[in-house]
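Chain A is the first sequence line, chain B the second, and so forth, proteins listed ahead of strands; every chain is numbered from 1.
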Number of protein chains: 2
Amino acid sequence: MMFIEIDFNSDEAIYQQLCNQIIQGIATARIAQGDVLPSVRQLADEVGINMHTVNKAYSLLKQEGYVKVDRRKGAVISCSGQNKDEAKQIIRKDMTGILAQARCRGLTKEDIAELVNDIYNAFDEYDRVKEAGRPKV
Amino acid sequence: MMFIEIDFNSDEAIYQQLCNQIIQGIATARIAQGDVLPSVRQLADEVGINMHTVNKAYSLLKQEGYVKVDRRKGAVISCSGQNKDEAKQIIRKDMTGILAQARCRGLTKEDIAELVNDIYNAFDEYDRVKEAGRPKV
DNA sequence: CATCTGTTATATATAGTATATAACAGATGC
DNA sequence: GCATCTGTTATATACTATATATAACAGATG
């Protein structure tokens, strides 16, 4: 069922990779509002990692408002809680860091705009393909 | 001379904070092409951290192409080596992560465009203020 | 009641971070 | 030449973060 792939040679922590991929899964509508993530034990088995590592990722996602954990059902996707201004403020810091890097590397405002459009279109592209009934990757 | 400020309570590593702040310093033209960073020992004293921590930050900046280290002068700002396509590719991964977060939190393409413009203008704003001869923060 | 769920506790091994002390080679200025 | 600066390297230590392994508990399900 799952599209998670862990790079064990990455310098990014496994629980962070899990978080990021799940967030990208939501952004590309691979998983949607109301969907339930696998149980911590199930996903751990599936991916070949420890239960606690999955649990840490889920806890982080809960803390950041991407899922709500129900004892009965498990981790349910539920991202919408916050208002836009709050969301912008959260995004702003990371975005500032990246834009500083981009600028130092010679990218202009227009280059960034193009890149952002590109990525957003890729998100939508996946949505479209999914709607057409193609198999999930 | 320096605009570096370390948050010792942050969960971000000190050497990472150093890197980020120096990169942002370049983006806002607080420091420019050809300028020389303080020696590892000097900056370490100034900020109140260990020499090796500064050295690690400088090594990272060197590795990522932001400075060139000259045994005589020290760490010289020199960011321009790579072509745009290469730069875009480097930025793309981080940007994808942030945009996924932004989308999950309900931000639209337009919201992002506004945010990007905002941040870029803040960069330019600092440039303008600096040109006018205001004191450095 | 067996079996699933999240959650918590404890222990352990490994890696990353930050510090301290020390030394070396190259460059600079007196 | 010599003291003094530079980056660089080596070693050791303390602390924290990460990931794993076992184990147990309470609530919910069929």
Side-chain angles (χ1 to χ4, degrees), chain A residues 1-2 4-23 31 34-79 97, chain B residues 1-2 4-23 31 34-79 97:
Chain A
M1 126 156 220
M2 264 291 163
I4 305 288
E5 262 188 48
I6 298 301
D7 176 6
F8 291 96
N9 294 322
S10 171
D11 54 345
E12 201 180 14
I14 296 178
Y15 79 94
Q16 266 296 351
Q17 291 186 50
L18 280 178
C19 281
N20 292 341
Q21 290 189 32
I22 289 169
I23 291 173
I31 32 180
D35 284 357
V36 180
L37 294 176
S39 80
V40 288
R41 290 172 175 87
Q42 189 181 328
L43 183 54
D45 272 8
E46 203 172 313
V47 180
I49 58 178
N50 191 275
M51 184 202 74
H52 293 96
T53 308
V54 179
N55 196 47
K56 188 171 185 178
Y58 281 14
S59 297
L60 228 170
L61 288 172
K62 182 173 76 176
Q63 185 188 317
E64 291 177 351
Y66 290 102
V67 303
K68 289 206 169 102
V69 180
D70 185 317
R71 186 138 218 161
R72 295 170 298 177
K73 301 179 199 166
V76 186
I77 305 297
S78 145
C79 53
Chain B
M1 127 157 218
M2 263 294 162
I4 305 287
E5 262 189 48
I6 298 301
D7 176 8
F8 291 97
N9 294 321
S10 171
D11 53 346
E12 201 180 13
I14 296 177
Y15 79 94
Q16 267 296 350
Q17 291 186 50
L18 279 178
C19 281
N20 292 340
Q21 290 190 30
I22 289 169
I23 291 173
I31 31 179
D35 283 357
V36 180
L37 294 175
S39 80
V40 289
R41 289 174 176 86
Q42 188 180 330
L43 183 54
D45 272 9
E46 203 171 311
V47 180
I49 57 177
N50 191 273
M51 185 202 73
H52 294 96
T53 308
V54 179
N55 195 49
K56 188 169 185 179
Y58 281 15
S59 296
L60 228 171
L61 288 172
K62 183 173 78 175
Q63 186 188 315
E64 291 177 352
Y66 290 102
V67 304
K68 287 205 169 105
V69 180
D70 184 316
R71 187 137 218 161
R72 297 169 296 177
K73 301 178 201 166
V76 185
I77 304 297
S78 145
C79 53

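- Take Asp7(A) and apply the side-chain contact (heavy atoms from CB on, under 4.5 Å) test, not counting sequence neighbours, and it matches Asn9(A), Ser10(A), Gln17(A).
- Following rounding to the nearest Å, Leu43(B) (CG) and dT19(C) (P) show an atom-to-atom distance of 12 Å.
- Within the 4.5 Å cutoff, no side-chain heavy atoms of Lys68(A) are placed close to those of Ile77(A).
- Under the side chain to side chain contact (heavy atoms under 4.5 Å, CB included) rule, Leu18(B) has a single partner from Leu60(B), Val54(B), Leu61(B), Ile23(B), which is Val54(B).
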What does nucleotides 15-25 of chain D look like as a protein-contact string, B for base, S for sugar-phosphate only, - for none, at under 4.0 angstrom between heavy atoms? ---SSBBBBB-

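- Side-chain atoms of Val67(B) and Ser78(B), non-hydrogen and from C-beta on, never get closer than 4.5 Å to each other.
- Counting any heavy atom pair closer than 4.0 Å across all strands shown, Asn55(B) reaches a base atom.
- Across the protein-nucleic acid pair, Gln42(B) atom CD and dC5(D) atom P stand 11 Å apart, rounded to whole Å.
- In secondary-structure terms, DNA chain C builds stems of at least 3 consecutive Watson-Crick or G-U pairs, each pair having both distances under 3.5 Å, at C:1-24 with D:7-30, C:26-30 with D:1-5.
- When rounded to the nearest whole Å, the span between CD1 of Ile6(B) and C1' of dT17(C) equals 13 Å.
- Asp45(A) pairs by the side-chain contact (heavy atoms from CB on, under 4.5 Å) definition with nothing, not counting sequence neighbours.
- Mapping Asp11(A) and Lys62(A) onto DNA chain C via the closest heavy atom, the residue that lands nearer the 5' end is Lys62(A).
- Evaluation of the side chain to side chain donor-acceptor pair (under 3.5 Å) test over residues 51-64 of chain A, restricted to residues two or more places apart or in two chains, returns Asn50(A)-His52(A).
- Residues satisfying the side chain to side chain donor-acceptor pair (under 3.5 Å) test with Tyr66(A), not counting sequence neighbours, are Arg105(B).
- Within the 4.5 Å cutoff, no side-chain heavy atoms of Val76(B) are placed close to those of Val69(B).
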